[in-house]
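Heads up: the structure comes next, in structure tokens.
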Amino acid sequence: VPELPDVEVFRRYLASTALHQRLTNVRVTEKRVLGRVSASRLKNGVGGRSLEDTKRHGKHLFVRLTADGADSASPSLVFHFGMTGFFKYYKDEGSAPGHPRVTFDFENGYRLAYDCQRMLGEVELVDSPASYADAHGLGPDALELGEDELAERLRGRRGALKNALMKQELLSGIGNVYSDEISFHAGLDPATEVKALEEGALAQLYRTMRWVLETAIERKADPDAVPSDWLLAVRDRGDRCPKCGSELERRRVSGRSAWSCPRCQKTPKRRS
Ligand SMILES: [Zn+2]
């Protein structure tokens, strides 16, 4: 499931391929991936413009369009990748991916396909990233959040660490996989009560979160390319902790499936 590092990889891919070329057509082959925009409004809103700039917010990718002569506003496309979404930029139809749902055609003969096999992703057209984030109650992007702000947002919260990290209203971008990874490297059990985390633990959590997300981006969010002592490298095939060799635990935390190492990860108790 694409989380912040995956979406950042998609952002970089789009930015290095599809910007600054005039769009000649938009083909919607599956309306179910469209958010609150009809196929015709998408087509009219995008045709003749170019993709100008990219911005990621959590798991959402915003692509700003050029202003149109008659209309000085610069709307943005919003992409959410659901479980299976990704982009492919190509020229020959024979190179099209397997499940293109929306395809953007450019004047230079290239196309950008938004492929989303399970159709849990979404494409929308909005006025601005900020208004979209507000309307959807998205908290700040996890990599744009300061250390004090994270502590502020977690202070006094009930519930498990895993749940807090995944709550997009608190901070945006982290899902099931990276909440486990961050908890693992912070040495905290994912079921740790947020309230039990003291100043030092919160500072450590913040540094670990940044390190995990930034390292994952550098490694292209590829499970085969992340450091070998990461859960991500083994979670789908191993049952042993990549740091200490203990049996990993898989259990439900806040209704989600969590991987953790009972030896490497501790559960600080709330002080009474
Ligand atoms: Zn371990």
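A quick note: this is a predicted structure, and the numbers were derived from the prediction, not measured. One-based numbering, in listed order, for ligands and for the atoms of each.
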Nearest atoms (heavy-atom pairs only) where S74 meets R49:
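Smallest heavy-atom distance, with atoms named: CA-NH1, 4.5 Å.
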Would the F87 and F81 ring centres measure less than 6.0 Å apart?
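Judged by ring-centre distance (under 6.0 Å), F87 and F81 do meet the cut-off.
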Output field: ring centroids Y13/Y89 closer than 6.0 Å:
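No: the rings miss the under 6.0 Å criterion.
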Partners meeting side-chain hydrogen bond (donor to acceptor under 3.5 Å, both in side chains) with R153 (sequence neighbours left out):
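Partners of R153 under the side-chain hydrogen bond (donor to acceptor under 3.5 Å, both in side chains) test: none.
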Going by the angle between their ring planes, with limits at 30° and 60°, are W211 and H185 parallel, tilted or perpendicular?
perpendicular
Within this structure, what is the CZ-CG distance for the pair R210 and L205, rounded to the nearest 0.5 Å?
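If I round to the nearest 0.5 Å, the distance is 12.5 Å.
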If waters are left out, how many protein N/O/S atoms lie within less than 2.8 Å of the Zn ion (ligand 1)?
4
